[in-house]
Protein chains: 2
Amino acid sequence: MAADKVFEALASRPRREILAYLSAQELTAGEIASRFAMSAPSISRHLSVLEASGLVSSERQGQFIVYRLNRDSLVNTLTGFAFEICPKAGPLKRESRKLAAKKQGA
Amino acid sequence: MAADKVFEALASRPRREILAYLSAQELTAGEIASRFAMSAPSISRHLSVLEASGLVSSERQGQFIVYRLNRDSLVNTLTGFAFEICPKAGPLKRESRKLAAKKQGA
DNA sequence: TAATTATTTAGCTACTAAGCTAATTAACGA
DNA sequence: TCGTTAATTAGCTTAGTAGCTAAATAATTA
């Protein structure tokens with residue numbers, strides 16, 4: 001099952017942060033590594049886990065390797081799971097601020 | 001961060017299956033264990049991980065302990081993350097069958 | 001109170017993952 | 001070709017997790 005690898009990939013804060021960085025723009029391995037207090041080899045391993053899960057892809061551009069987010073993989077896995085678990089919930093929506101405030105008060 | 005524990009909890013197939021069972025109805029620990037080819041203590045540990053993440057809650061009812069799904073926790077964490085990663089994606093929707101079929105053909 | 005059922009906790013082994021440094025591969029530029 | 005930069009792979013240590021069986025706790029029933 002593909003979901004297995006995706007959820008495993010998501011179970012790491014550094015990897016989720018990498019995805020967040022890549023959600024803004026494509027980045028080289030080095031640009032990603034420079035955003036973390038972690039060795040380049042460690043980031044490289046995280047990137048390979050993300051790539052094996054299908055959440056990111058990479059392309060060599062000369063000396064560099066550029067990583068990009070595969071949004072569809074992520075969205076499909078998360079919504080697929082959410083629908084499995086919350087059959088009656090309908091499309092996922094961010095909770096409105098009004099409603100959230102109401103709950104806080106209650 | 002709460003998302004840490006949630007994603008860690010989701011990174012296990014048996015735990016995701018437990019959530020799927022609980023999405024249909026409340027179940028006792030024993031009822032859950034009986035659905036798996038795994039010892040009761042192992043299931044008990046999975047349940048405690050799920051509970052620590054906030055995805056399920058439990059209540060003792062006499063001799064039994066009943067577990068139920070906390071849908072809000074799950075939906076809020078997943079959508080929160082999806083919005084963080086896919087700022088332009090808008091509310092998550094299941095891909096329509098038509099569109100999926102089209103992609104298959106292409 | 002003693003026995004039974006439901007569940008968890010303790011203690012163990014085996015495996016996997018995360019991080020590091022050192023070494024290797026790949027591409028570029030003088 | 002040689003040196004430099006970018007990135008990965010190898011090898012290691014440490015820590016965490018999953019599963020098991022056996023033992024303990026909690027509540028019910030005879």
Side-chain angles (χ1 to χ4, degrees), chain A residues 1-22 25-70 77 81, chain B residues 1-22 25-70 77 81:
Chain A
M1 217 195 248
D4 279 28
K5 294 205 165 183
V6 170
F7 280 109
E8 184 191 314
L10 292 177
S12 147
R13 174 128 60 157
R15 285 196 290 264
R16 291 196 302 278
E17 286 177 16
I18 290 173
L19 294 177
Y21 285 127
L22 291 177
Q25 58 188 307
E26 299 186 349
L27 291 168
T28 69
E31 287 170 333
I32 294 168
S34 72
R35 286 161 163 79
F36 289 86
M38 196 184 293
S39 69
S42 297
I43 293 295
S44 177
R45 171 170 289 277
H46 283 305
L47 288 170
S48 83
V49 170
L50 286 169
E51 188 160 25
S53 77
L55 288 173
V56 310
S57 354
S58 69
E59 183 194 353
R60 180 175 276 278
Q61 287 183 7
Q63 209 171 358
F64 303 90
I65 298 182
V66 177
Y67 284 88
R68 82 179 59 86
L69 177 64
N70 293 338
T77 302
F81 179 66
Chain B
M1 217 197 245
D4 279 29
K5 294 205 167 185
V6 170
F7 279 109
E8 184 190 314
L10 292 178
S12 145
R13 173 129 61 157
R15 286 197 289 266
R16 291 196 302 278
E17 287 178 14
I18 290 173
L19 295 177
Y21 284 127
L22 290 177
Q25 58 188 306
E26 300 186 349
L27 292 168
T28 68
E31 287 171 332
I32 295 168
S34 72
R35 286 162 165 76
F36 290 85
M38 197 185 292
S39 70
S42 296
I43 292 294
S44 178
R45 170 170 289 276
H46 283 305
L47 287 169
S48 83
V49 171
L50 286 169
E51 189 161 25
S53 77
L55 289 174
V56 310
S57 354
S58 68
E59 183 194 353
R60 179 174 278 279
Q61 288 182 6
Q63 207 172 0
F64 303 90
I65 298 181
V66 176
Y67 285 88
R68 81 178 61 85
L69 177 65
N70 292 339
T77 302
F81 179 67

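Every chain is numbered from 1, with letters handed out A, B, ... down the list of sequences. The analysis underlying the following values was restricted to heavy atoms, covering all of them including side chains, and did not include hydrogens, waters or symmetry mates.
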Return the polar atom pairs (N/O with N/O) between nucleotides 16-20 of chain D and the protein under 3.5 Å, or none.
unit_1	atom_1	unit_2	atom_2	d
D:dT17	OP1	B:E8	OE2	3.3
D:dA18	OP1	B:R15	NH1	2.9
D:dA18	OP1	B:R15	NH2	3.1
D:dG19	OP2	B:H46	NE2	2.3
D:dC20	OP2	B:S39	N	3.0
D:dC20	OP2	B:S39	OG	2.7
D:dC20	OP2	B:S42	OG	2.6

Could you tell me how far apart [X] ([atom1]) and [N] ([atom2]) are, to the nearest whole angstrom?
X: B:D4; N: C:dA18; atom1: CG; atom2: P; result: 13 Å
X: A:E59; N: C:dA27; atom1: CD; atom2: C1'; result: 15 Å
X: A:L50; N: D:dT8; atom1: CG; atom2: C1'; result: 15 Å
X: A:L47; N: C:dA18; atom1: CG; atom2: C1'; result: 14 Å
X: A:E31; N: D:dA6; atom1: CD; atom2: P; result: 10 Å

**Asked** Can you tell me how far CE of A:M38 sits from CD of A:E17, rounded to the nearest 0.5 angstrom?
**Response** 8.0 Å

**Message:** To the closest 0.5 Å, what do you measure between CZ (A:F64) and OG (A:S58)?
**Reply:** 15.0 Å

I'd like a table of atom pairs between the protein and nucleotides 12-15 of chain D - only N or O on both sides, under 3.5 Å - with the distance next to each one.
none

**Asked** Under 4.0 angstrom, heavy atoms only, what part of the nucleic acid is A:Y67 near: base, sugar-phosphate, or nothing?
**Response** sugar-phosphate

**Asked** Base, sugar-phosphate, or nothing: which does A:T28 touch, judged by heavy atoms less than 4.0 Å apart?
**Response** sugar-phosphate

**Fill in**
In A:I18, A:L27, A:I32, A:L50, the residue satisfying side-chain contact (heavy atoms from CB on, under 4.5 Å) with A:Y67 is A:I32

**Complete:** The side-chain contact (heavy atoms from CB on, under 4.5 Å) partner of B:L55 among B:V6, B:L22, B:T77 is B:V6

**Prompt:** Do the side chain of B:R15 and the main chain of B:E8 share a donor and acceptor less than 3.5 angstrom apart?
**Reply:** yes

**ring-ring contact (aromatic ring centres under 6.0 Å, His included) contacts touching residues 25-52 of chain A (sequence neighbours left out)** = A:Y21-A:F36

**Request:** Sorted by first residue and then second, give each salt bridge (charged side-chain N to carboxylate O under 4.0 Å, His left out) pair with at least one member in residues 45-66 of chain A; sequence neighbours left out.
**Result:** A:E59-A:R68

**Message:** Restricting to non-hydrogen atoms, name the atom on B:A40 and the atom on B:A33 that form the minimum distance, rounded to 0.1 Å.
**Reply:** CA-CB, 4.3 Å

**Complete:** Nearest heavy-atom contact between B:S57 and B:N70 is OG-OD1, 2.7 Å

**Asked** How large an angle, rounded to 10°, do the end axes of the helix from C:dT1-D:dA30 to C:dA30-D:dT1 enclose when each is built from five base pairs?
**Response** 10°

**Asked** In B/S/- notation, 5' to 3', how is nucleotides 25-30 of chain D contacted by protein heavy atoms closer than 4.0 Å?
**Response** -SSS--

